[in-house]
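Reading through the structure tokens given below for one structure.
Lettering follows sequence order; numbering is per chain, from 1. The figures that follow rest on heavy atoms only: side chains count, while hydrogens, waters and symmetry mates do not.
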Protein chains: 2
Amino acid sequence: MTEVKVTVTRTEQHSEPIRVAVSTVILTLRRDDDGEPPRIALPLVRRTRAPHQDSWSLPGGWLRDDENLEDAAARTLHETTGLSPSYLEQLYAFGAVDRSPSRVVSIVYWALLRSDEVDAQSAAHMASGLAPENVQWFEAATLPTLAFDHNQIVDYAQWRLRNKVGYSRVAHGFLPPTFTLADLREAYEAILDRRLDPANFRRQVEASGTLLPTDQFRTGSHRPARLYRYDDAVELADRGPLATEEKRTR
Amino acid sequence: MTEVKVTVTRTEQHSEPIRVAVSTVILTLRRDDDGEPPRIALPLVRRTRAPHQDSWSLPGGWLRDDENLEDAAARTLHETTGLSPSYLEQLYAFGAVDRSPSRVVSIVYWALLRSDEVDAQSAAHMASGLAPENVQWFEAATLPTLAFDHNQIVDYAQWRLRNKVGYSRVAHGFLPPTFTLADLREAYEAILDRRLDPANFRRQVEASGTLLPTDQFRTGSHRPARLYRYDDAVELADRGPLATEEKRTR
DNA sequence: TCAAAAGTGTTGCATCTACACCCATGT
DNA sequence: ACATGGGTGTAGATGCAACACTTTTGA
């Protein structure tokens, strides 16, 4: 702890400090083991203090003055839930004056988590001794009323995901390194909330040139399905000129 | 303006306050009166202090603790350039640690300005007695090196505009209330930086159902062209679930 | 009457959609 | 053998790009 003196110019604009928070909507595919198609789920954190005490809210925390926004999103997400996303992108900055009693600007990120890592990461987090009862998974389609404006933020994150899945390979943020076309199609179906024709889906992704077939097959109760993996030469998602900027400032 | 000295307690998390700034990329269509097609231009502000003193930069300023982000964007834009946008949308939050000597998180907006209002608003701003020599218009395609990471921000704004023009009616943020199809096509051509077939363009916008024909025509040196206006029943741009949120918090 | 932009028609190509059909495996 | 999902083929619909063509004005 050191004390420093700084000179600030006080104008009528700065009566109290504006604090910067970072939150993350992290989505995954959850399978119910009952033959139902997988559905989108996300972890929420129970608030332990006012405002909105005991309400469920997005994982997040305060931005440190020595870390970048994306680093803060990953850090606060990991600290509160133990999760490490496979994809992370900024969603929106929320800064309405009335969204919290004190003035807070929240930089919200959205993230994807591979469905095969949910259990492992959750277990590791529980074993680390942190309070696991304050983190709970919910289905995105049937959320309770959340703290602040977090319901709308989750809706917006899903809207962005639906949009982006049409022109990028984000859906693979849900999947392990190798997967069948049926796995991929189920991810698309959960995101878009409609059934897709398996035959046409196959041709579309093959034509996109982002998939590489492996010589392995998943054997199950029927004809084995070929496993594919993603072509690393293709970008995961197109973020325009910003993609290079993000890398630079990391 | 008064100067005060304040004492801050340094902890590992909060050694100095994180300040929140707001900037705006405001684009318009500029016609050169030489028969050339119009090009995208934007106003920049010369910095009068360090860092990057004398460099050109995006108009902006500090967020007040009693105003919403979008209000701050409109206010700082108007204070620095005298301009009032016809369209305003959040672009991205930039918060890399190293983008400025002190820690600043910049919420950047992008905006459109009707080409017929550029001169009027600029003239009013000059008449108001503010320093006009520190605001200058540049063509977006041939910018000098700007302060901070502002070149990349302008690139990103143009990328967003190019994207959005494909699935929304943002292009009309450039145009007056009534316009010809050639006006609209020129706006699209400037945004996308390629020529469009007039016949196909006409059919596409007519099929989109966003245009209402008026019974007026613009008479010029050739066959008069019908004037159209936008159907107010159609949203200006689709922002997903956020559109309602924005209105609520305004 | 001619140049040029406004506006219409038509054709070909690529893509999407629906659905019939064959293939390969576990039971 | 047969049910089931994996995988291929194909015909119709739709949308878009290219471009020929007609219309209407000012000069």
Pairs touching residues 200-214 of chain B that satisfy side-chain hydrogen bond (donor to acceptor under 3.5 Å, both in side chains), sequence neighbours left out: N200(B)-R203(B), S208(B)-T210(B)

Whole-Å distance separating the CZ atom of F201(A) from the C1' atom of dT8(D): 17 Å

Sequence neighbours excluded - side-chain hydrogen bond (donor to acceptor under 3.5 Å, both in side chains) pairs with any residue from residues 215-228 of chain A: D183(A)-R218(A)

Under 4.0 Å protein heavy-atom contact, by nucleotide of nucleotides 21-27 of chain D - B base, S sugar-phosphate only: --BBBS-

Contacts of S84(A) that satisfy side chain to side chain donor-acceptor pair (under 3.5 Å) - sequence neighbours left out: none

Results of side-chain contact (heavy atoms from CB on, under 4.5 Å) for A140(A) - residues two or more places apart only: I40(A), L42(A), Q158(A)

L83(A) CG to T80(A) OG1 distance, which is reported to the nearest 0.5 Å: 8.0 Å

Residue pair E89(B) / Y87(B), side-chain donor-acceptor N/O under 3.5 Å: yes

With D193(B) via side-chain contact (heavy atoms from CB on, under 4.5 Å) - residues at least two apart: none

Only distances under 3.5 Å count here; give the side-chain donor-acceptor pairs of residues 23-30 of chain A to other protein atoms, sequence neighbours excluded, each with its distance to 0.1 Å.
from: T28(A); atom 1: OG1; to: L113(A); atom 2: O; distance (Å): 2.8

Donor-acceptor under 3.5 Å (H125(B) side chain, T81(B) main chain): yes

Pairwise ring pair (Phe, Tyr, Trp, His ring centres under 6.0 Å) hits with a residue in residues 22-43 of chain B, at least two apart: none

Covered region of DNA chain C, 5' end to 3' end, by chain A [heavy atoms, under 4.0 Å]: dT17(C) to dG26(C)

W137(B): ring pair (Phe, Tyr, Trp, His ring centres under 6.0 Å) partners, not counting sequence neighbours: none

Residue-level proximity of residues 175-188 of chain A to DNA chain C when a heavy atom falls under 4.0 Å: none

Under-4.0 Å salt bridge between R31(A) and E36(A): no

Pairwise distance CD1(I153(B)) to CG(D149(B)) - rounded to 0.5 angstrom: 4.0 Å

Atom-to-atom span, OH of Y228(A) to P of dG6(D) - whole angstrom: 11 Å

Sugar-phosphate or base contact per nucleotide [nucleotides 14-19 of chain D; S, B, -; heavy atom under 4.0 Å]: ---BBB

Short side-chain N/O contact from R202(A) to OP1 or OP2 of dT8(D), under 4.0 Å: yes

